[in-house]
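The block underneath contains the structure these notes are about, expressed in structure tokens.
Within every chain, numbering begins at 1; the chains are lettered A, B, ... in the order of the sequence lines, protein sequences first and strands thereafter.
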Number of protein chains: 2
Amino acid sequence: MGVPNAQLVSSTYFPAGASRTIVTRLREERNQMTRVRVEGFTVSLDGYGAGRNQDMQNPLGVGGMDLHPWLLATRTLQRTLFGADGGTTGIDDDFAARGFTNVGAWILGRNMFGPIRGPWPDMHWKGWWGDNPPYHVPTFILTHHPRPPTQMAGGTTFHFVTGGIHEALDRAREAANGMDVRIGGGPNTIQQYLGAGLIDELHIAISPVVLGAGERLFEGVDMRALGYECAQFVASEKATHVVLRRQAHNDGRQF
Amino acid sequence: MGVPNAQLVSSTYFPAGASRTIVTRLREERNQMTRVRVEGFTVSLDGYGAGRNQDMQNPLGVGGMDLHPWLLATRTLQRTLFGADGGTTGIDDDFAARGFTNVGAWILGRNMFGPIRGPWPDMHWKGWWGDNPPYHVPTFILTHHPRPPTQMAGGTTFHFVTGGIHEALDRAREAANGMDVRIGGGPNTIQQYLGAGLIDELHIAISPVVLGAGERLFEGVDMRALGYECAQFVASEKATHVVLRRQAHNDGRQF
């Protein structure tokens, strides 16, 4: 991003007294450049971002896997998830690729990390994604139950945050080091960040399927009052892609 | 539809005793051909089919008019609503035109007919659409408060039905005389017919706008359990068009 490493600048070029101010300022600038994004979050025609009754067999709830044919078929996802060549190119792949561009940290709700509820019984569960998860950056899991970080292959480290959405975002911003923070989901996590006015942009995909029940993405959030407008609207055969962006003059604080 | 007028057949060709059976059978066949359709019903990205706080200034609730640029711009609507030439052709117009094809009767919820609630104070209110409404066929208004029919210019007659959705559909089928019945809305009326398993097909348009609040189309109905599947999914620059159809083997009764 063209920003010099703050630590290096402060220790090399500036005396100890001045450096703290410089570091603070550089950090502020860096954080201002960080955008908080939702990417590739897919909903059904009836508005559900996850099906009901999540469990081991249904990581996205019943019917939830029906949401993602547009995404799984893309070259980006084939490479990211399976290390495979091939896959579709075009609109769907453009949006899939965009979702991994300039992302320095992720935030996930606990239910997106796994089906376990309550205190962690042990350190065995390490997400749905195997030894080498598709994040490859620090990934912050919202939970009420503390757990030490888990380092995975490929650059992903899962950090477990018990202090709520603001603490998670502060830590994710810090880790992103000037790059963006991607909020992965699920719906409840996105709603919390939306309601706090903390999301700059959302890419939503609408899939040609009905789920009938589950978790709605836009539940308990008034996207109009929060200042979001549709900035892009384009469709492939498999999905309609929507980019929602908050107007600059709206601070978006709903709660 | 190639079906002879039952009245004519019975009185001309058959003696009185046989005619009743024939009439009954012809009527049954006619009714089986009648399909119950929702057409051109537009929802926002966040799922609302009408804004909040409907009143004289906001027939579709606050922000509700933002839903319909795709529709109002079409050649079909320009001609139907304003008797004007011009308007867009293409996907949007194809769907707009489809919505008026083979429709022999409409059913509207009372709030779609007007902003008045409770007993009718007088016969003054005759809908939002002026002397010559865009229906041009018998149009049945669901209401709890009786009122005599109102005949309008251009073939529209408003009938006020106090017996509920089944009575309204029976009368609309009869009036449609073998053609289809179009359920106009609003969301609550559509939900009632969906829940009773009475809608064969829905064309929904998704507009690139957020309403934030109002009446959701898919509220209190489990479209998956009701047996609906996406049969068509195609987008213009102004809207994504979706056709939902009930699978033949599902009788769709939710309640």
Side-chain angles (χ1 to χ4, degrees), chain A residues 41 43-49 51-52 61-64 66-67 69-70 91 187 191 194 202-214 216-247 250 252 254, chain B residues 41 43-49 51-52 61-64 66-67 69-70 91 187 191 194 202-214 216-247 250 252 254:
Chain A
F41 194 86
V43 297
S44 63
L45 296 168
D46 43 354
Y48 297 103
R52 70 188 125 195
V62 174
D66 296 351
L67 293 171
W70 75 268
I91 294 173
Q191 288 153 18
L194 283 172
L202 303 90
H203 161 233
I204 307 296
I206 304 171
S207 270
V209 63
V210 290
L211 284 193
R216 276 221 178 83
L217 174 58
F218 296 122
E219 190 70 62
V221 285
D222 182 331
M223 294 298 283
R224 198 178 180 98
L226 286 166
Y228 289 94
E229 285 188 347
C230 182
Q232 199 177 353
F233 183 75
V234 58
S236 74
E237 289 177 9
K238 294 202 184 83
T240 290
H241 297 277
V242 179
V243 175
L244 300 175
R245 203 169 286 152
R246 218 173 63 215
Q247 295 163 282
N250 190 316
Q254 182 179 12
Chain B
F41 194 86
V43 298
S44 64
L45 296 168
D46 43 355
Y48 296 103
R52 70 187 125 195
V62 174
D66 296 352
L67 293 170
W70 75 268
I91 294 172
Q191 287 153 18
L194 283 172
L202 303 90
H203 161 234
I204 307 296
I206 303 170
S207 270
V209 64
V210 290
L211 285 194
R216 278 220 178 84
L217 174 58
F218 296 121
E219 190 70 62
V221 284
D222 182 331
M223 294 298 284
R224 198 178 180 98
L226 286 166
Y228 290 94
E229 284 188 348
C230 184
Q232 199 177 354
F233 183 74
V234 58
S236 74
E237 289 177 9
K238 295 201 184 85
T240 291
H241 298 277
V242 180
V243 175
L244 299 175
R245 202 169 286 152
R246 219 173 63 216
Q247 296 162 283
N250 191 316
Q254 183 178 12

Side chain, backbone, both or neither: which part of [X] has a heavy atom under 4.5 Å from chain A?
X: Glu219(B); answer: both
X: Ile206(B); answer: both
X: Ser44(B); answer: neither

Minimum side-chain heavy-atom gap Leu45(B)-Ile204(A) below 4.5 Å: no

Student check: side-chain heavy atoms of Leu67(A) and Tyr48(A) closer than 4.5 Å: no

Most contacts with chain A, counted as non-hydrogen pairs under 4.5 angstrom, among Val242(B), Val209(B), Leu211(B): Leu211(B)

Interface residue of largest heavy-atom contact number with chain A, from Arg216(B), Glu229(B), Met223(B), Glu237(B), under 4.5 Å: Arg216(B)

Donor-acceptor pair, side chain of Gln191(A) and main chain of Phe218(A), under 3.5 angstrom: no

Options Gly47(A), Pro208(A), Cys230(A), ranked by heavy-atom pairs under 4.5 Å with chain B, top entry: Pro208(A)

CZ on Arg246(B) to CG on Leu202(B), rounded to 0.5 Å: 10.0 Å

Smallest separation among heavy atoms of Val210(A) and Arg224(B), with atom names: O-NH1, 2.9 Å

